[in-house]
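Have a look at the structure below before the remarks.
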Amino acid sequence: MNFDFADEQPKLLMLMYGLIAFVAVVGGLLLLLDVVPARFAQRQEGKLVAASASGAPLPRRPKQREYLFGLFFLLPTVLLLLVGLVVPAIRTVLLSFMDSSSTDWVGLRNYVWMFDEDAIVRVLTNTLIWVILVPLLATSFGLLYAVMVDRARFEAVAKSLIFMPMAISMVGASIIWRFVYAYRGEGEQQIGLLNQIVVSLGGTPQAWLQEPPLNTFLLIVIMIWIQAGFAMVVLSAAIKAIPADIVEAARLDGVTPWQMFWQITMPSIRPAVIVVVVTLSIATLKVFDIVRTATNGNYDTSVIANEMYNQAFRYGENGQGSALAVFLFILVVPIVFYQIRNLRQQREG
Amino acid sequence: MTTATPTVAVGTQQVEKSPGRAARIRKRLNTRTATLVSIVIALLWTVPTLGLLISSIRPEDQIKTTGWWTFFSDPQFTLENYQEVLFGRSSSSGQLASYFLNSLAITIPSVLFPLAFAALAAYALAWINFRGRDWIYIGIFALQIVPLQMALVPLLKFFSTGVTLAGITLLPAWDLDGSQKFAQVWFAHTCFALPFAVFLLHNFISQLPKDLMEAARVDGATHPKIFRTIVLPLITPALAAFGIFQFLWVWNDLLVALIFAGGGDETAPLTVRLAELAGTRGNEWQRLTAGAFVSMVVPLIVFLSLQRYFVRGLLAGSVKG
Amino acid sequence: MAVFARPRQAFVIAGVLGLALSATACGTGGNDSDSKADSPECAPYEKYQGHDGKEVSIYASIREVEADLLEQSWKQFTDCTGITIDYEGNAEFEAQLPVRVDGGNAPDITFLPQPGLLKRFADAGKLKGVGADTKAMAEQNYPADWLKYATVNGTLYGAPLGSNVKSFVWYSPKTFKEKGWTVPTTWDQLIALSDQIAASGTKPWCAGIESGDATGWPATDWIEDLMLRTQTPEVYDQWTSHGIPFNDPRVAEALDRAGTILKNEKYVNGGFGGVKSILTTSFQEGGQPIVDGKCALHRQASFYANQWPKNAKVAEDGDVFAFYFPAIDPAKGKPVLGGGEFVAAFTDRPEVQAVQTYLASGEHANSRAKLGNWVSANNKLDIANVANPIDKLSVQILQDKSSIFRFDGSDLMPAAVGAGTFWKGMVDWINGKDTATVLQGIEGSWPK
């Protein structure tokens, strides 16, 4: 079969429709909101003039309209989220109280199962290890690197290299690391970099991914390898945005780099650090591809998202899979509360 | 207005002007060590990828028996792995170029829609005063945690059977065929992207100077007008930043595409094809390596060419967080 | 709402345009098949006529070259009947199919390799029982042993399509000849041969159970084969249907028997290293050391024939071949472990049933067999159409009346066990966990 451009036309046509739809929706929405209220305002204006002339109380128009504008601005997002995420989330919660084929209510059985089965408890603890270590280490590394690279030459090149793993899919990244951790028997030619280093230092090669609990940490390394670039880029940008005069004043005062970091840099970039930590925490809670590609959850490495996928899709245990998903929701609650607090502070400040 | 879009260079340039001989010398030393250390780390960071790149141009039996570093002492070069990945072995699976086009057709609208919707929503949540907006924001933020795997079945049901309430059809089934199925993929990707997009953009938009907004309001500008003429130009870098994230995510996605587009060469993106070739049922490493590289090329180009924009984009937001 | 309708309108417009385009395409295709339908080579397809222009979608796990051959095998059928078969094969099939079915987007026909999955869909009321024609065809062409695996509560849900024989041990006839080894026909001979090879300094057995997200399955085949050899077929059936607990002493016996080979450092893992290297060696690579003489024996199904290097001759007098995995107690007959896929349907439109019937027919079995690399339990299959020696041997074993055929046990169990804890349990078992702990864990995970 040769590449036939005619076969590809429907795709391009569809892409065009997509773009037209995009322009129509977004443009239309803005236009609608721009033109209609303008007309409306003219009439209001007229009333306003009339009202002030007659001495009647002024109508409180801005408040009402704010509400309407808010509604229209939010409409596409809210509708899409209702269909795409809210309904599924509610469904998941309901399913978690039902049996595997989602026909009978079973109360808390799926949750009891979750904490009863050793293998699943292992999965829950693994997830906790992940969600503590990844944001902490990736952010720290990203921050250190950002501070360092700030004073370095070839900054753009160095940053690109660190960020590059972000551009690779999680699956691709895991394949790369499977190469690093690959194991061949003692005396055989090693094809994994890590074992080659161990062997050349006189050690015996290890089957790294088969040794719990070490293997979980080795998988975490993959996630950090990917996400540190994200942390670094965001934090580096934040550091650059610290007003130069503050830095200069501190320098003239003769502060040590250590003091500079804790007294100037950290307070200034705190909001950026929060964005990074929150984003990484949520990404880590949902991590799936890495474990699936590297070990498929064998050797005690499984995490909630993997077990959920296996239970719900591969094993047909919808109830148990959903219960695991609900547990994920619960894990994110502390982060949500933290966000609420932040928002309150912001509004007050 | 310009203060909100500072450039990368400003910080360093001004610091360099700082007076004092001792400080300058210390600074130069500092720079040298910092450069050395950061380059070394960056290179170490790249070693795994380099290993993959070298492996992908080695013959199959070599990949399976010796480490990639032996390439330096015994260079054996082949393009066969790429040939297999690019042109395949199966006649019915079509050309890679076909899948490439699918990827583009899927990715572009899947980036644009959430970008626009999230910007509108973020603006409303940050600057339009109405009751309950904080709770809506927190709700959207919390939706980030819904694993997309759990959303697949209900969303597919929405497409294939529509929405009926008490026997009344509110929305009919979409009933799409062939390349029209892209619409489903756009829809799904847009839904899944919105919570993070709103979270990120809200972070930027809510930090814009209050005086600016109030001044515009006093001048009688309506919200759509403020959004278009003031907010959009200011957050363009932020939009670019999210655009890149979303691009990387959609381009690399496998699960959503498999469910909503299917696996044929009419609609399936590159990732589906590469996963097929690499054979998830075993390690045909020679094809895995080449496949991983082929899939990385476009994201890398996008990232490298937009990188400057990207840094600026995140910068604008983190001025004050 | 009003705003929201806009993209949908665009889609509808696009849809109408798309339909118009595809309609023209179909028109020309239809004419083509009309002219063919009357030609003599279409005579065998007469009973499937009357569905010109209809479309049937098939979704299965068979892909790449195998999928090409399959599509080629029904080409004449589609040409003559005018039915278009829209085939899609995917590696993620097992996880994707339930999503599509639950999402209301099920294909017309699917090839299910697991009777356990078939039962799940049948119990949920998703599958349609086969029509009368298909049923007659299936009963005529397939042994009852096979059909019972696709029968749930008395309803037949599909006929088998391809099959494979798993009770094989691969070896190198060339090496055997050079070293003066003989092919064992009893278990004792097999062990004696293994000891003899081990004494000569080579590890006799090699194995690999790494297989992506299905890691562990080759080891479950070992256990199933040994269950059939140490126990009666009835106990095997009880085991797969949970009539006896998974940690029954009889299961432990089979595991320990498998352990005398798989967990024996003197026997494994030729060409790869110690016992644990079984875990990291992929199923595809598992038997390769036989080619370079680093290993002598590899227990794996007939389909392993596809894994040998292109220049290796697969024949009784060639570089590699397989012998029947011997029985322990010949008095109990000749147990055969095998697998295959079943053609089940989610819809029962006439054209779907026509395709289902055709796929159960001798015409299709022979048409597919002629293209090579295929085995079926279809008794209309003419062995002369099977070219490849290993496929021939498989067909002979399947058609042999003294064979006691049993389906791969892990495919019969609920997926949580058969595609989950049983696989994972085997990984842990080879990684050093003891038999009792592993079996207890699997027993605990059996869905209540």
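Each chain gets a letter, A, B and so on, in the order its sequence line appears, and its residues count up from 1. What you are looking at is a predicted structure, and each value in this text was computed from that prediction instead of being measured.
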Return the option, out of A:M170, A:R270, A:M16, A:Q190, with the maximum number of heavy-atom pairs under 4.5 Å with chain B.
A:Q190
Under 4.5 Å to a heavy atom of chain B? For A:I340 that would be both
With a 4.5 angstrom heavy-atom cut-off, could you sort out which part of A:L285 is near chain B: side chain, backbone, both or neither?
side chain
For the interface with chain A, which of B:W68, B:W127, B:F130, B:F247 has the highest count of heavy-atom pairs at distances below 4.5 Å?
B:F130
Residue selection (most heavy-atom pairs with chain A, distance under 4.5 Å) from B:L254, B:I138, B:L152, B:L248
B:I138
Is B:R131 close to chain A through its backbone or its side chain, or both, or neither, when contacts mean heavy atoms under 4.5 Å?
neither
Interface residue of largest heavy-atom contact number with chain A, from B:A116, B:P195, B:P154, B:A151, under 4.5 Å
B:P154
Where on A:V180 is there a heavy atom nearer than 4.5 Å to chain B: the side chain, the backbone, both, or neither?
side chain
Quick one: of A:I162, A:V273, A:I274, who has the most non-hydrogen atom pairs under 4.5 Å with chain B?
A:I162
What part of B:T190 lies closer than 4.5 angstrom to a heavy atom of chain A: side chain, backbone, both or neither?
side chain
Separation between CG (B:L101) and CG (A:L15), nearest 0.5 Å, reads 9.0 Å
Is the shortest side-chain heavy-atom distance between B:M150 and A:S322 below 4.5 Å?
yes
B:W135 versus chain A, the contacting section by heavy-atom distance below 4.5 Å:
side chain
Taking the side chain as everything from C-beta on, heavy atoms only, tell me whether A:V25 gets closer than 4.5 Å to A:P76.
no
Angle between ring planes, B:F196 versus B:F199, binned at 30° and 60°: parallel, tilted or perpendicular?
tilted
Identify which of A:A89, A:A158, A:S160 forms the greatest number of heavy-atom pairs closer than 4.5 Å to chain B.
A:S160
Please classify the contact of B:F117 with chain A as side chain, backbone, both or neither, using a heavy-atom distance under 4.5 Å.
both
Structural part of A:V278 lying under 4.5 Å from a heavy atom of chain B:
side chain
When heavy-atom pairs shorter than 4.5 Å are enumerated against chain A, which of B:L194, B:L43, B:L36, B:V37 gives the highest number?
B:L194
Engaged part of B:Y137 at the chain A interface, taking heavy atoms whose separation is under 4.5 Å
side chain
Residues passing the side-chain hydrogen bond (donor to acceptor under 3.5 Å, both in side chains) test with A:N342, sequence neighbours excluded, are none
Bottom line for A:L82: the part with an atom under 4.5 Å from chain B's heavy atoms is neither
Find the one option among A:N195, A:I335, A:V332, A:V171 whose heavy-atom pairs under 4.5 Å with chain B are most numerous.
A:V332
Do the rings of A:F313 and A:Y309 sit parallel, tilted or perpendicular, given the 30° and 60° boundaries?
tilted
Between B:I39 and A:Y145, the two heavy atoms sitting closest are N-OH, 4.4 Å
Measuring only between side-chain heavy atoms, which start at C-beta, is A:F179 closer than 4.5 Å to B:P48?
no
From B:H202 NE2 over to B:F141 CZ, what is the distance, rounded to the nearest 0.5 angstrom?
11.5 Å
Which residues pass the side-chain contact (heavy atoms from CB on, under 4.5 Å) test with A:M166, sequence neighbours left out?
A:F163, A:I226, A:Q227, A:F230, B:F245
With only heavy atoms counted, which part of B:S55 is less than 4.5 Å from chain A, the side chain, the backbone, both or neither?
side chain
Considering only heavy atoms and a distance below 4.5 Å, find which of A:V87, A:L71, A:V149, A:T279 pairs most often with chain B.
A:T279
In terms of heavy-atom proximity below 4.5 Å to chain B, should A:L343 be classed as side chain, backbone, both, or neither?
side chain
Can you say whether B:V153 sits under 4.5 Å from chain A via the side chain, the backbone, both, or neither, judging by heavy atoms?
side chain
Stepwise ring-ring contact (aromatic ring centres under 6.0 Å, His included) check, B:Y123 with B:H223
CA-CA 9 Å; B:Y123 174 79; B:H223 282 299; 5.7 Å; yes
Which atoms form the tightest heavy-atom contact between B:L112 and A:F22, and what is the distance?
O-CE1, 3.2 Å
Need one label for B:I136: side chain, backbone, both or neither, based on atoms under 4.5 Å from any heavy atom in chain A.
side chain
Between A:P165 and chain B, which part of the residue has a heavy atom less than 4.5 Å away: side chain, backbone, both or neither?
side chain
Let's test your reading of the structure: which of A:A173, A:G84, A:S169 forms the most heavy-atom pairs below 4.5 Å with chain B?
A:S169
Please look at B:F293 and chain A and tell me whether the side chain, the backbone, both or neither of the residue comes under 4.5 angstrom of a heavy atom of that chain.
neither
Minimal non-hydrogen separation, B:W45 against A:A228, with atom names
CZ2-CB, 3.7 Å
Looking at B:L120, B:V298, B:T46, which one has more heavy-atom pairs under 4.5 Å with chain A than the rest?
B:L120
Under 4.5 Å from any heavy atom of chain A, what part of B:A118 do you find: side chain, backbone, both or neither?
backbone
With only heavy atoms counted, which part of A:F329 is less than 4.5 Å from chain B, the side chain, the backbone, both or neither?
both
Side chain to side chain contact (heavy atoms under 4.5 Å, CB included) assessment of B:L148 paired with A:F288
CA-CA 11 Å; B:L148 76 89; A:F288 167 72; over 6 Å; no
Does some side-chain heavy atom of B:W249 sit less than 4.5 Å from a side-chain heavy atom of B:P299?
no
Could you look at A:F337 and say if it's the side chain, the backbone, both or neither that has a heavy atom under 4.5 Å from chain B?
neither
With a 4.5 angstrom heavy-atom cut-off, which part of B:I108 approaches chain A: side chain, backbone, both or neither?
side chain
B:L125 vs A:F73, test: side chain to side chain contact (heavy atoms under 4.5 Å, CB included). Steps then yes/no.
CA-CA 9 Å; B:L125 293 170; A:F73 270 58; over 6 Å; no
Name the option with the most non-hydrogen atom pairs under 4.5 Å to chain A; the candidates are B:A121, B:A142, B:G220.
B:A121
Chain A contact via B:L155 - which portion, at a heavy-atom distance below 4.5 Å
side chain
Closest heavy-atom contact between A:K11 and B:S98?
NZ-OG, 3.1 Å
Going through the checks in order, is the side chain to side chain contact (heavy atoms under 4.5 Å, CB included) test met by B:V146 and A:T92?
CA-CA 9 Å; B:V146 178; A:T92 304; 5.8 Å; no
Is A:W225 close to B:T49 at the side-chain level, that is, under 4.5 Å between some pair of heavy atoms?
yes
Contact part of B:V198 toward chain A, heavy-atom cut-off under 4.5 Å: side chain, backbone, both or neither?
side chain
Check whether more than 12 heavy atoms from other residues, nucleotides or ligands sit under 6.0 Å from atom CH2 of B:W69, and answer yes or no.
yes
With a 4.5 angstrom heavy-atom cut-off, which part of B:L52 approaches chain A: side chain, backbone, both or neither?
side chain
